[in-house]
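Convention: sequence-line order gives letters A, B, ...; per-chain numbering from 1. Since we're looking at a predicted model, the values are computed, not measured.
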Amino acid sequence: MTSVLAQASDTVPDDNTGYVAAAYLVFFALALIYFGIMAFKLQRLERELVELNELADRKLAPAKPDAAPAETTP
Amino acid sequence: MRTVLTLLRKELLLERKVPQLVPAMALFSVTTFVVFHFALQQRDVDGDLAAGILVVTLLFATILGINRLYVADREEGGFDAFLLAPVDRTALGVAKALTLFAFLVLVEFVMVPAFAILLFGPGVGWELVGKLVLVLAMVNVGLSVIGALVGALAIQTRARDLIGPLVALPLLVPVVITAARALSPVLGADGPGAMEGQFLAVLGLYDLVFGLLAYALFDFLLED
Amino acid sequence: MTYGNRLRATSIAAALVLMVAFGLAFFSAKIEADQGFSQKIFYVHVPMAIVALCGFVFGGIMAIQHLRTGLAKYDLKSYVAIHLSVVLGVGVLLTGAIWAKAAWGTWFEWREPTLVSFLIVFLLYCTYQPLRFSIEDPEKQSRYASVFAVTAGAFVPLNFLAVRLADPYIHPRVLNQAGGDLPDSFRLPFYLGILGMALLFSALYQYELSHKNSRAQLRQLRRKLGGEEEAVGRSAAPQVSSS
């Protein structure tokens, strides 16, 4: 880590600026990781909703007279 | 109050009939001194180091005790029997804390002389013993209050041997800090020095706060 | 009942306030005389720490509510607050290490009582999840977790007191963090930073509650439609009953 910061001395000024950038990057990374977790959770919710929607369609379908008499569930 | 005394008598009777915890904790603490001797490569210690070794050894012996404190009640059905009895549930917690306190005192009767013989450099006088007893008594209160609470918390978990120490250790860090800082002048190389009152005050505050807290919370750890 | 009603407003407010706070920190606050530019870490590190600690205590207060009323929603609130505070705690320790390295040349400074206290508190709260996870009965799980949360919530201030005392000589502290002698140009971005971080915490808190509620609602809908229970992996998170 230190060597990385030392190497960065020709890209950032040599007065601890790298450390400040690193600290704010940590905060940024944390927020983005949380963003990723939120995305993952949304994905799961979406999948479940689609599934439920299909389930609801299937439930409502036998109401029509020409529906196949496949529904023999007790 | 009578319930507490009855329960306390039961615990002490059990330990006297089948000594289990106290010998184990005492043996463990003496072994720990040997380990410290080799790990630190010191023939005798004083001051900060002595205080640290003493407090840490007591802490680890307590962790050993916390893990076993409720095992008999859980495995032999002591909890169920207690819950059937028409008594205040908090009594069990108070009794357990008192039991652990008594065990710690017994352990210290072995541990402190062993420490003085094996590791402690400076001579031992009455002043030192008096101050040591005062600090250890306050430490014991903190250890046994947290022990009774965390032990009851951990006993119901699947990984109780893991959860107990994991929760108890950080909770007891303030006890270690204050006790070690209070004891280090007492165990100084040039005989017992004056203790700094602020550490004892914080230790007392810790005992008081967690004592009241444990008393208020213990009820929730039993009802089933 | 829905939890996400103010989610949009809180998120926007958090983004705005944090942007202004960080902007002021870099463009308006003066460079501190002793530490130079690295003192700017202060504006992200300290607000995070303050909000995380308040989150822990808030989790304890919600746990008291849970023990008193027995309502599952308070357990959920306590869980979410502690969970988020632990996440913030990771950020606090990382930024703290970076700051310590920049200011004193070491990644960890034992003579800095606030950092040490925070580490101890963080280690304690790291056991919250394993504790929940290792109790199977959901009712018992929430009750025990609340007992833990109350104890740990009381531990936070006591621990700070003990650690602060343990260090009799004061390490050259950057700033008196009580705010007493903060220079004026430091004060506004610092307070805005705390406000912004609190808003961010609140937004994430509402998001988590709203998400947990959505899952519960979905589960209930599935049951109504007669679908089979989806196989949920064992989770340490409290299950809310949708109402």
Distance col, row B:Phe220:CZ vs C:Arg68:CZ, nearest 0.5 angstrom, shows 9.5 Å
One should read off an interatomic distance between C:Ser134 OG and B:Leu166 CG, to the nearest 0.5 angstrom, of 10.0 Å
Of the listed C:Ile120, C:Leu67, C:Asn159, the one with the largest count of heavy-atom pairs under 4.5 Å with chain B is C:Leu67
- request: Determine, step by step, whether C:Thr151 and B:Phe210 satisfy the side chain to side chain contact (heavy atoms under 4.5 Å, CB included) criterion, reporting the C-alpha distance in whole Å, the side-chain angles of both residues, the deciding distance to 0.1 Å, and the verdict.
  value: CA-CA 8 Å; C:Thr151 313; B:Phe210 280 100; 3.5 Å; yes
So CZ of C:Arg143 and CG of B:Asp219: to nearest 0.5 Å the spacing works out to 9.5 Å
Look at atom OH of B:Tyr215 and say whether more than 12 heavy atoms of other residues, nucleotides or ligands are closer to it than 6.0 Å. no
Whatever's closer than 4.5 Å to a heavy atom in chain C on B:Ile163 counts as side chain
Of the listed C:Leu131, C:Val121, C:Leu123, the one with the largest count of heavy-atom pairs under 4.5 Å with chain B is C:Leu131
#### Entry: Test log, rule side chain to side chain contact (heavy atoms under 4.5 Å, CB included), inputs C:Leu124 and B:Val173
CA-CA 10 Å; C:Leu124 177 64; B:Val173 166; over 6 Å; no
Counting heavy-atom pairs under 4.5 angstrom with chain C, the leader among B:Leu171, B:Leu169, B:Leu162 is B:Leu171
Here the gap from C:Arg132 atom CZ to B:Thr157 atom OG1, rounded to the nearest 0.5 Å, amounts to 13.5 Å
Applying a strict 4.5 Å limit to non-hydrogen atoms, the region of B:Ala154 in contact with chain C is neither
For B:Leu213 and C:Ala154 the tightest heavy-atom approach is CD2-CB, 3.6 Å
Between C:Tyr144 and B:Gln156, the two heavy atoms sitting closest are OH-CG, 2.9 Å
One should read off an interatomic distance between B:Leu221 CG and C:Phe148 CZ, to the nearest 0.5 angstrom, of 12.5 Å
Minimal heavy-atom distance between C:Ala162 and B:Pro174, with the atoms involved, is CB-CB, 3.8 Å
If one checks every heavy atom of B:Val167 against chain C at 4.5 Å, the contacting part turns out to be both
Worksheet item: Taking everything shown except B:Asp46 itself, do over 12 heavy atoms lie less than 6.0 Å from its CG?
Response: yes
